Amino acid sequence: MLKISWKLDNEDGPDPVDPTGELYLSSGVSGLIFEEYTYLDSWFDALADGFLAAKKGDPGIMEILEEPDALKFEPLGHRGVRIAYKDQKLEIRDTDRALCILRQSVRTFLSEFGGDGDILKNRLLIRLKDFSEKEFRSVYNAEPEKNSDMNSELRVA
């Protein structure tokens with residue numbers, strides 16, 4: 001199961017134009033990916049595109065706008081995916097569940113901003129809002145809010 005933990009840098013309040021922070025991805029299968037001092041909106045956007053490609057069975061190299069390295073997605077067997085970033089790797093068994101977890105994490109991330117007015121200041125936040133609102137029914141026929149083991153985690157400093 002995918003676990004997404006993130007911390008938004010918000011000493012002066014959340015900044016919708018430059019939402020920086022740290023991101024930690026882990027899995028019950030194997031591996032972890034951690035990046036600090038990064039743009040969370042760019043990471044969430046690349047993760048969304050990568051998981052959607054992997055769900056179709058397509059490998060993908062997803063650029064993270066402000067980062068020199070890309071996220072690499074390699075579909076594995078029955079609905080799984082391997083994600084690589086720099087020298088870090090992570091395997092996930094179920095892309096459907098991962099998408100539900102990612103959508104929930106993106107919704108939580110977007111809720112940190114003052115509403116649609118703030119979100120409209122950043123084109124990636126607009127894309128993420130659209131991604132988070134798309135109806136998605138996995139094989140479990142449930143959104144994460146209805147299934148307690150699909151929760152992402154907000155890590156507080």
Side-chain angles (χ1 to χ4, degrees), residues 1-55 60-74 80-134 136 143-145 147-157:
M1 173 178 68
L2 175 65
K3 181 177 177 182
I4 302 172
S5 300
W6 53 269
K7 179 184 164 201
L8 189 61
D9 294 334
N10 60 359
E11 286 180 14
D12 300 321
D15 182 357
V17 177
D18 292 318
T20 58
E22 60 186 48
L23 181 73
Y24 176 88
L25 307 170
S26 64
S27 166
V29 178
S30 70
L32 66 91
I33 296 174
F34 175 73
E35 188 68 15
E36 57 185 347
Y37 310 114
T38 193
Y39 290 87
L40 295 172
D41 56 344
S42 296
W43 267 90
F44 282 128
D45 187 57
L47 286 166
D49 287 346
F51 277 120
L52 290 171
K55 181 174 169 41
I61 297 176
M62 305 302 153
E63 298 296 327
I64 304 169
L65 289 179
E66 297 85 3
E67 298 291 338
D69 299 293
L71 273 173
K72 296 176 181 133
F73 287 78
E74 175 189 350
V81 63
R82 178 178 298 123
I83 305 169
Y85 179 70
K86 297 181 183 177
D87 61 346
Q88 305 171 79
K89 292 185 178 157
L90 176 69
E91 286 186 16
I92 297 167
R93 288 192 180 128
D94 190 335
T95 54
D96 285 343
R97 267 181 105 166
L99 273 165
C100 285
I101 291 165
L102 180 60
R103 277 193 170 86
Q104 179 179 339
S105 193
V106 166
R107 286 182 196 123
T108 304
F109 172 68
L110 292 173
S111 73
E112 291 289 316
F113 304 101
D116 287 345
D118 277 350
I119 290 171
L120 292 174
K121 296 176 183 176
N122 179 326
R123 68 177 180 79
L124 285 181
L125 293 183
I126 295 168
R127 279 177 45 102
L128 290 170
K129 185 174 189 297
D130 182 55
F131 166 78
S132 73
E133 292 175 347
K134 286 190 191 291
F136 179 75
E143 282 287 311
E145 294 85 346
N147 199 337
S148 63
D149 70 339
M150 291 185 173
N151 289 329
S152 62
E153 174 184 319
L154 171 60
R155 197 165 42 140
V156 180

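What's counted below: heavy atoms across the whole structure, side chains too, no hydrogens, waters or symmetry copies. Just so you know, these numbers come straight off a predicted model, no measurement behind them.
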> What's the verdict on side-chain contact (heavy atoms from CB on, under 4.5 Å) for Asp15 and Asp9, showing C-alpha distance, side-chain angles and the deciding distance?
Replying inline: CA-CA 8 Å; Asp15 182 357; Asp9 294 334; over 6 Å; no
> Looking at residues at least two apart in the chain, or sitting in another chain, which of them share a salt bridge (charged side-chain N to carboxylate O under 4.0 Å, His left out) with Glu91?
Replying inline: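 Per chain and number, Glu91 pairs via salt bridge (charged side-chain N to carboxylate O under 4.0 Å, His left out) with Arg82.
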> Under the salt bridge (charged side-chain N to carboxylate O under 4.0 Å, His left out) criterion, do Arg123 and Asp45 qualify, and how do the steps go?
Replying inline: CA-CA 11 Å; Arg123 68 177 180 79; Asp45 187 57; 6.0 Å; no
Do [X] and [Y] have side-chain heavy atoms sitting under 4.5 Å apart?
X      : Y      : value
Leu40  : Leu8   : yes
Lys89  : Ile83  : no
Leu125 : Asp118 : no
Tyr39  : Asp18  : yes
Ile64  : Leu71  : yes
Leu52  : Leu99  : yes
Phe44  : Leu102 : yes

> Do Thr38 and Glu22 have side-chain atoms, one donor and one acceptor, less than 3.5 Å apart?
Replying inline: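 No, because no side-chain N or O of Thr38 sits under 3.5 Å from a partner of the opposite role on Glu22.
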Taking every non-hydrogen atom, the tightest pair across [X] and [Y]:
X      : Y      : value
Val81  : Ala54  : CG2-CB, 3.6 Å
Lys121 : Pro16  : CD-CG, 4.1 Å
Pro19  : Phe113 : CB-CZ, 3.8 Å
Leu25  : Ile4   : CD2-CG1, 3.7 Å
Ala98  : Ile92  : CB-CG2, 4.1 Å
Pro14  : Glu112 : CG-O, 3.2 Å

Roughly how far, to the nearest 0.5 Å, is [atom2] of [Y] from [atom1] of [X]?
X      : Y      : atom1 : atom2 : answer
Ile61  : Asp49  : CD1   : CG    : 13.5 Å
Ile119 : Arg127 : CD1   : CZ    : 14.5 Å
Lys3   : Ser27  : NZ    : OG    : 11.5 Å
Ser132 : Arg103 : OG    : CZ    : 8.0 Å
Asp94  : Cys100 : CG    : SG    : 8.5 Å

>> Taking the ring of Trp6 and the ring of Phe109, is the distance between their centroids below 6.0 Å?
In response: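 Yes; Trp6 has its ring centre under 6.0 Å from that of Phe109.
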>> Go through it in stages, so that I can follow the logic: the residues are Leu2 and Leu90, the test is side-chain contact (heavy atoms from CB on, under 4.5 Å), and I'd like the CA-CA distance, side-chain angles, deciding distance and then a yes or no.
In response: CA-CA 9 Å; Leu2 175 65; Leu90 176 69; 4.2 Å; yes
> Quick one: salt bridge (Lys or Arg N to Asp or Glu O under 4.0 Å) pairs with a partner in residues 24-38, sequence neighbours left out?
Replying inline: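 Only Glu35-Lys86 qualify under salt bridge (Lys or Arg N to Asp or Glu O under 4.0 Å).
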> Does the ring pair (Phe, Tyr, Trp, His ring centres under 6.0 Å) test come out yes or no for Trp43 and Tyr85, once each step is laid out?
Replying inline: CA-CA 11 Å; Trp43 267 90; Tyr85 179 70; 4.7 Å; yes
>> With a 6.0 Å cut-off (strictly less than), is the heavy-atom count around CG of Leu32, excluding the residue itself, greater than 12?
In response: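 Above 12, so yes.
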>> Asn122 and side-chain contact (heavy atoms from CB on, under 4.5 Å): which single residue from Val17, Asp41, Leu128 fits?
In response: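 Passing option: Asp41.
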> What residues form a side chain to side chain donor-acceptor pair (under 3.5 Å) with Asp130, not counting sequence neighbours?
Replying inline: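 Once residues adjacent in sequence are excluded, the partners of Asp130 under the side chain to side chain donor-acceptor pair (under 3.5 Å) criterion are Lys134.
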> Counting only N and O atoms by type, is there a donor-acceptor contact under 3.5 Å from the side chain of Ser111 to the main-chain atoms of Thr108?
Replying inline: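 A pair under 3.5 Å: yes.
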